[in-house]
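Take a look at the structure set out below.
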2 protein chains.
Amino acid sequence: MTARPRIKDVAELAGVAPSTVSVILNDVPGARVNTATRERVQAAARELGYLPNGLARGLRTRRSGTLALVSDVIASTPYAGQLIQGAQEAAWEAGYLLMLVDTGGDEVLERSAIRALRQQQVAGVLYATMFHRLVEVPDLLAGLPVVLLDARSSREDVPAVVPDEEAGARTAVGTLADHGHRRIGFVLDRNDGPAAAGRLAGYRAELAARGLAWDETLVVRAASTSDGGQEAVGTLLDMPEPPTAVFAFNDEMAVGAYHAAEDRGLRVPEDLSVVGFDDLYVLAREMRPGLTTVALPHRAMGAAAARSLLQLVTDPTAAVPSLQLIACPLVRRGSVAAAPHRR
Amino acid sequence: MTARPRIKDVAELAGVAPSTVSVILNDVPGARVNTATRERVQAAARELGYLPNGLARGLRTRRSGTLALVSDVIASTPYAGQLIQGAQEAAWEAGYLLMLVDTGGDEVLERSAIRALRQQQVAGVLYATMFHRLVEVPDLLAGLPVVLLDARSSREDVPAVVPDEEAGARTAVGTLADHGHRRIGFVLDRNDGPAAAGRLAGYRAELAARGLAWDETLVVRAASTSDGGQEAVGTLLDMPEPPTAVFAFNDEMAVGAYHAAEDRGLRVPEDLSVVGFDDLYVLAREMRPGLTTVALPHRAMGAAAARSLLQLVTDPTAAVPSLQLIACPLVRRGSVAAAPHRR
DNA sequence: CTGAAAGCGCTTACAG
DNA sequence: CTGAAAGCGCTTACAG
């Protein structure tokens, strides 16, 4: 196998200077070149299969053409692929390559990873968490364009891209109200985070918008697992005047709602309508009936964050929104029906 | 903000030449340096927060310190994260950074992505598919160390890392046999691929090893979805002498098995034992009863492939196994019970 | 319109 | 034990 050709080889083959090759291959704006030599150079490059060395170019131009995605735990959710794909595609469209590092939440590893990334001269970094939460932006990232992905920080100066939890919750509750439900329960995670807070706010807001009374006994907290959901929805169902519908903080709690209904001989959706949140891959689709739920827009978030980052990379003073809320669409399946008549 | 320090700055601060700084910071083996100057240089580097420029270093040493993972469709499965994480961690442990590109199965995009990656001087590439299948290794990859991840090619010279489908199927059938089942059905995908072929082979092999008769009517093909599984298991259950246990090609078909049983008033596992394949995130765990299934070792595969690649990168003549079969462990949950007595 | 020169920031023989 | 020089492969002013 022969060594990879360098610009010098192309130049020699075409009978011009390397600098001329560079100007031609890079289509330097405002550079007038003879059509004949241009063609000669292009032919030579093609013949040799010439690919400019990106490291040399990056060194010279001070632009590496790479972005990084650093995340806490890539593998922990089935959405990782979507998030990454969205970011990678947007990067690619702008001619950038994406480097990935997963720190597993380990701060020491995070520090050395960021150092390694800086050494590689990444143009900017996407700092992502695998579920919407609050983070501190590491000091080591200072001076580099950064955007937060599915995460927020207390710092106003670093743009964040997160799901619009509140609006998502409103569409969930809204569809239930559209079906005539007046008593709608909400089961949510015990831990407060941006997701729980946002979804609760949306629940309240939509209730208010619909003129439905706020009833504190209708919201119950539990672990955000199917067992937690089962327990929480169980207490809702055992109330003297139980809700006819339940909005669950996430799809796993929604699974629990199905179980709680089943335990009491109630059918979903005839006796109890259920809406979840997340659109957890396969699960929501495979439930019986299929779970109507609010999807987390991971791919769109990844793409939006990468685009904002790219703007910052191109122009550090660019006015990118400090917070982007990405819409969470409702995925209608079979778990919502008209409210049963009061017995 | 002040410009990033270069090696020259460190050298000046320490009062030595840049080459000395380089030797010290890189701990060049067999280089004797005065302890005092070593300390002076290290202090200077620390004070300045010096990080060597990876592009310059890579240009000079001809080692970029990066690997690439190119895949067809990252986002399509919930395992993507595991696969990527395994590869990334192994790369990181060896001091390499991982670049990721998802081609969405688009060959044109794939070609330009590989070109871009080559320009960036990646040391090697992991060529991955999101489910075990046959691929053709792109010519453009020629001359670069490559290992196939969750994929195989007809070319013997490119190492592949795939799940041990056959052994996985054997443990599935084995656990069923251990529970006293003698008539074990197998429902599988209509399309033949390495996964279907391997799992079928494992089914047959284990039956033989257990001295159980091969009964062709016990294996039925359908779409590899829950509907397909329901249909296929339905025909099994409606046989004159139905199986007491079913091994499903994947977890979605196993879901169908649950449905088929339910449709007939049969309980899992009392009346029908079920074992799936994949350990599909959340689904398998959330079924009732929890689905006993064979897990796909995505993380281990990612790590194994990256390690093989790294060996090749370090020494192109290294003897890495041309095929690595990664074990698929059985995850025991609640869908297997002792075979019911013959009525 | 094209070429020669300098330089991006390192590392690596090679002197001394 | 340390420094000066060359060079990795490009691009970018600057001449001509």
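Values reported hereafter were calculated over all heavy atoms of this structure, with side chains retained and with hydrogens, waters and symmetry mates removed. Values in this document were obtained by computation on a predicted structure and should not be read as measured data. Convention: sequence-line order gives letters A, B, ...; per-chain numbering from 1.
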For a quick test of reading the model: is some side-chain N or O of [X] closer than 4.0 Å to OP1 or OP2 of [N]?
X: Asn53(A); N: dC8(D); result: no
X: Thr61(B); N: dC8(D); result: no
X: Arg4(A); N: dG9(D); result: no

Separation of [N] [atom2] from [X] [atom1] (nearest whole Å):
X: Asp9(A); N: dC10(D); atom1: CG; atom2: C1'; result: 13 Å
X: Arg62(B); N: dC10(D); atom1: CZ; atom2: P; result: 10 Å
X: Asn34(A); N: dG3(C); atom1: CG; atom2: C1'; result: 15 Å

Task: Which residue lies more 5' along DNA chain D, comparing Leu59(B) with Thr20(B) via nearest heavy atoms - done: Thr20(B)
Open item on the list: Closest-nucleotide mapping onto DNA chain D: is Lys8(A) or Val23(B) further toward the 5' terminus? I mean the 5' end.
Closed with: Val23(B)
Open item on the list: Distance criterion of 3.5 Å, no angle test: do you see the side chain of Ser19(B) paired donor-to-acceptor with the base of dA5(D)?
Closed with: no
Open item on the list: Applying a 4.0 Å non-hydrogen cut-off, can you work out what Arg60(B) is touching in the nucleic acid: base, sugar-phosphate, or nothing?
Closed with: base
TODO: Taking only the side-chain heavy atoms of Arg57(A) (C-beta and beyond), determine which of dT2(C), dT11(C), dC10(D) contains the nearest atom.
DONE: dC10(D)
TODO: Counting heavy atoms from C-beta on, name the nucleotide in dG9(C), dG9(D), dT12(C) closest to the side chain of Arg6(B).
DONE: dG9(C)
Open item on the list: Does the structure show a Watson-Crick or G-U wobble partner for dA13(D), both distances under 3.5 Å? Name it, or say none.
Closed with: none
